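Everything on this sheet refers to the single structure shown next.
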Amino acid sequence: MASVEIIGVGMIPFGKHQERTLVDMGAEAAFLGLKDAGVKPAQVDACFFANAFGGRLFGDITIGQNVFWDVGINRVPVINVENACTSGSTAFYLAYNSIAAGQAELALVVGAEKLYVPELGLLNSGETEWETQLGQVVSTGFAMRAIRHMMEFGTTIEQLAQVAVKNRRHGQLNPLAQFREPVTVEDVLASTMIVKPFTRLQCCPNADGAAAVVLSSPKVARTLTRRVRVNAAVLCSGSYESPQDLTHWETDYRAAKLAYEKAGIGPEDLDLVECHDPFTIAEILHCEALGLCAVGEGGKLVEENQTMLGGRIPINVSGGLLSRGHPLGATGVAQIFEIVTHLRKEAGARQVERAKVGLAHCMGGDKAMDTKSCTIAILSV
Amino acid sequence: MMGSLGILTYFTNGGEVMSVAKITDIPPAVPGLFTLPPYDMCPPMLLGGFCQVCNRYYFPRPRYCRVCLGEVVETTLGSKGTIYCFTVVLRKAPLGLPNPYGVGYVDLTESGLRIFGLLDPAAIGRIQIGMRVRLAVAPLGDDGHGSPRLRPYFTPV
């Protein structure tokens, strides 16, 4: 497959932006991405816009065309993408494919989401789904994965809490993260119980935010410095046969294997990872699936500070979803932003030293004991 | 949860107990997932699908067999199972469900399927992994707009 490069990234701070619209936030991220890449609107020949809840919350459709015209882009293909928490990384996957296939030379990906609205409640996969009607919310699946992991592997509640502590510590160093105050294991465990065994500080906060990535063919990228290569971009959906195992997350392992095969590298080659951590257990499970530790030892990995900045394999140095916040459509793009920032040595206080290869992992939605989608991108310089 | 004289009681958001009309007047939250009352002759059971060619059970019943795309006949999936895992939601109960409420994955005894379901609100303090449970059906929560709905849930045997 033809190679694809990332030539620009942009992101606005995640947090409460109550006075701003989705389009306004998305357009600013697009502007920042284009400026960073040093390209003009007329050079962009394909656009992908990611958002998950705009339709449900505001009744908006085809938001991408509004966002891209605000930065002077029209006439070219615009694709609006919804894939739950992986909406942004799915848009990235599509942009990658479109350049690799020779359909575009220079593609712009924007993810934006606005979740600070009154009475949002607990997020679910949609109220027509039978599982939602029987009380499933996004947190219940992860909660049961945590309970089984604790039972089968002896993972402790303190180890779960340490994921939140570590990611807050990372978030302190990221000016774009929503929550930047440090927390202790005691703080995490003493916060309000939401869904057993998760207390509030073990659940990612909602957020408003937007991020952008500019991709190009090597032909265009050759004229630019500070470029990052995309070694793999994969998208998988879940395994819906019954029964599924809650601790060995088959889809997670399958996506990791596929991404490593396509990139021609293994977990030992990675310098940093951004992974989907909406709840503390998720990061522990993904460490295992990505091959960063043995099965069942994800809790130990965080306890030994191996995934902390400066450790063997820093994970979620951005602060992750737990600290940065989780504006669904923007999250997958923000993860790419983070990896690119490190590979270009522009991450400031949170810079992972000698970062050459990074991996961004995201998951979205619930169906039949599994996720609806899982994305992985591997980037390098 | 059936009260005297055929009047039914159920839990609502906030834990209070309400009385409503006859159980047979209340629609299911999702049609086709479980047998409907009255349960004079046989206990409530889950409804699923079975492909006679592939010898496969499904829950809920899909339109086509996912292996051969052939016919899937409606079948009961029994009422017994074992708790594989469960959790308790303590905040922001949706759809008028009680606060807190429990959900879990249950391994169904007859079909071997592992399915998601609600747990008996009166028994969530007693539920444990590995516990044998049976299905019950009662008004539990609403349709999102305050009208009561029947929902299936698992309760300790």
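Please read all numbers here as calculations on a predicted model, not as lab measurements. In what follows, every chain begins at residue 1, and chains take the letters A, B, ... in the order their sequences are listed.
Among A:M144, A:K196, A:Q244, the residue with the largest count of heavy-atom pairs under 4.5 Å with chain B is A:M144. Residue with the most contacts toward chain A among B:V30, B:I129, B:L33, B:L118: B:L118 (heavy-atom pairs, distance under 4.5 Å).
Using a cut-off of 4.0 Å between Lys/Arg side-chain N and Asp/Glu carboxylate O, A:K166 and A:E283 are scored as salt-bridged.
Checked against the 6.0 Å centroid criterion, the rings of A:W130 and B:F34 do not qualify as a close aromatic pair. Less than 6.0 angstrom separates the ring centroid of A:H248 from the ring centroid of A:Y253.
With a threshold of 4.5 angstrom between heavy atoms, B:R149 does not approach chain A through any atom at all. When heavy atoms are compared at a cutoff of 4.5 Å, A:T128 does not approach chain B at all.
Cation-pi geometry between B:R114 and B:Y84 is met: the NZ or CZ atom falls under 6.0 Å from the ring centre, inside 45° of the normal.
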